[in-house]
Amino acid sequence: PRPTKQMTTHAFYESWLASFFDQVVRGTLRVAKELQFFRYLKALAEANMTELNHYKLSEIAGISYGTAIYWTEFLVAVGVLIEIPSLQLPTRRQVKRPKICFADSGLLCHLLDCRTTEDLLASPFYEKIFEGFVASELVKGYAAWGEESPVTYYRDTSKKHIDLLVHTKRGYVPVGFYTSQARDPKLVLREMKVLGRMGERVEEPVLITDGTLIAEKTDVALISATAL
């Protein structure tokens, strides 16, 4: 919580990051260079909801490959990051790397210099920020009920891609995004059929919308992100 109502969002996250580094990071990771760690956090923010590539992240932050892995595992363990694993099926070759997203979308926006709504909508990272918000809210929702997250994503070597999947007792629920910056909904829905063709049990797909795109007619469920 903010110490005062007058504190700006920017000041709050600056203060939180400073405290997090001093009280948690410095002692646990024995990191002496604050700038280096925050450069890595920034790189992770720009890679939000993309497949985890520690080699690329380490190059951007100027740290070793092993250090990048260690820092990521630490940030997941303390709840700053959430891993979205890749769905692994025996019937087709899939990408094995997880995606990562920030548990706190406010912190993510701070790291990406999105201080206003206008900044957010104009950001080149907007779509991944939105996807990460949805993914993190789904995962945190299951955690609040004391349940392990059933949220994954799917991408195979044929480049078929399903943004998110929620595994239920009745099968997989494919989740896509309906925004002005998202992929073509027709392509999204077509690629969602890949699991059914492999014999997996699949429920009706869902598209999550941010309200920036008006749908006059749709054959699938549209759910506002505010309902999550």
Side-chain angles (χ1 to χ4, degrees), residues 13 16-17 20-21 24-25 28-29 31 36-88 94-114 120 123-144 147-157 159-167 172 174-177 179 181-183 208 210 225 228:
Y13 280 113
W16 185 89
L17 284 168
F20 177 66
F21 185 84
V24 181
V25 176
T28 305
L29 299 184
V31 178
Q36 202 171 44
F37 183 77
F38 288 131
R39 189 184 299 129
Y40 188 65
L41 268 183
K42 175 84 170 180
L44 285 168
E46 293 180 353
N48 192 62
M49 282 306 286
T50 63
E51 292 160 24
L52 193 52
N53 185 337
H54 281 118
Y55 178 76
K56 183 177 180 180
L57 289 167
S58 64
E59 282 195 326
I60 294 171
I63 59 177
S64 70
Y65 176 78
T67 298
I69 294 175
Y70 182 42
W71 285 3
T72 299
E73 290 176 346
F74 167 77
L75 290 167
V76 171
V78 298
V80 172
L81 296 179
I82 294 172
E83 279 195 3
I84 307 297
S86 168
L87 176 65
Q88 299 298 305
Q94 291 100 43
V95 169
K96 295 183 179 179
R97 293 183 298 192
K99 290 183 179 181
I100 54 103
C101 68
F102 277 72
D104 183 346
S105 297
L107 174 60
L108 172 63
C109 288
H110 175 76
L111 292 168
L112 295 175
D113 297 319
C114 296
L120 174 61
S123 172
F125 302 105
Y126 172 76
E127 189 59 31
K128 293 304 179 183
I129 293 172
F130 181 68
E131 291 179 15
F133 167 77
V134 172
S136 66
E137 290 303 305
L138 286 172
V139 172
K140 288 186 290 186
Y142 281 98
E147 297 181 20
E148 185 177 349
S149 169
V151 181
T152 60
Y153 82 97
Y154 176 89
R155 188 168 77 84
D156 59 32
T157 52
K159 297 184 178 180
K160 295 291 189 300
H161 181 215
I162 302 175
D163 296 303
L164 292 173
L165 287 161
V166 179
H167 191 201
Y172 293 100
V175 179
F177 300 97
T179 77
Q181 298 185 35
R183 294 188 298 156
I208 309 294
D210 63 351
L228 297 176

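Side chains are part of it too, since the values below use all heavy atoms of this structure and drop only hydrogens, waters and symmetry mates.
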Exercise for the section: Could you tell me whether Asp104 and Lys140 have a side-chain N and a carboxylate O separated by less than 4.0 Å? Expected result: no

Handout entry: Short N-O contact, Lys128 and Glu131, less than 4.0 angstrom
Key = yes

Handout entry: Closest contact, heavy atoms only, Leu165 versus Pro174
Key = CD2-CA, 3.7 Å

Exercise for the section: Kindly give the heavy-atom pair with the smallest separation between Cys101 and Met49, and that separation in Å. Expected result: CB-SD, 3.7 Å

Just verifying a value: how many Å separate [X] [atom1] and [Y] [atom2], rounded to the nearest 0.5 Å?
{"X": "Leu75", "Y": "Tyr70", "atom1": "CG", "atom2": "OH", "result": "11.0 Å"}
{"X": "Ile84", "Y": "Ser136", "atom1": "CD1", "atom2": "OG", "result": "8.0 Å"}
{"X": "Leu108", "Y": "His110", "atom1": "CG", "atom2": "NE2", "result": "11.0 Å"}
{"X": "Lys42", "Y": "Asp113", "atom1": "NZ", "atom2": "CG", "result": "4.0 Å"}
{"X": "Asp156", "Y": "Ile162", "atom1": "CG", "atom2": "CD1", "result": "9.0 Å"}
{"X": "Leu57", "Y": "Ile69", "atom1": "CG", "atom2": "CD1", "result": "10.5 Å"}

Check the orientation of [X] and [Y]. Use parallel for under 30°, tilted for 30 to 60°, and perpendicular for over 60°.
{"X": "Phe177", "Y": "Phe130", "result": "perpendicular"}
{"X": "His161", "Y": "Tyr153", "result": "perpendicular"}
{"X": "Tyr55", "Y": "Tyr65", "result": "tilted"}

Please examine the side chains of [Y] and [X], heavy atoms only from C-beta on, and report whether any two atoms are closer than 4.5 Å.
{"X": "Phe102", "Y": "Leu41", "result": "yes"}
{"X": "Asn48", "Y": "Phe125", "result": "no"}
{"X": "Tyr40", "Y": "Thr72", "result": "yes"}
{"X": "Leu17", "Y": "Leu111", "result": "yes"}
{"X": "Val166", "Y": "Tyr142", "result": "yes"}

Problem - Residues that Tyr172 engages under ring-ring contact (aromatic ring centres under 6.0 Å, His included), provided they are two or more places apart - result: His167

Practice task
Might you work through the side-chain contact (heavy atoms from CB on, under 4.5 Å) test for Val80 and Leu44, ending with a clear yes or no?
Solution key: CA-CA 11 Å; Val80 172; Leu44 285 168; over 6 Å; no

Problem - Flag if over 12 foreign heavy atoms under 6.0 Å of CD, Glu147 - result: yes

Exercise for the section: Return yes if some donor-acceptor pair links the side-chain N/O of Glu137 with the main-chain N/O of Ala103 below 3.5 Å, else return no. Expected result: no

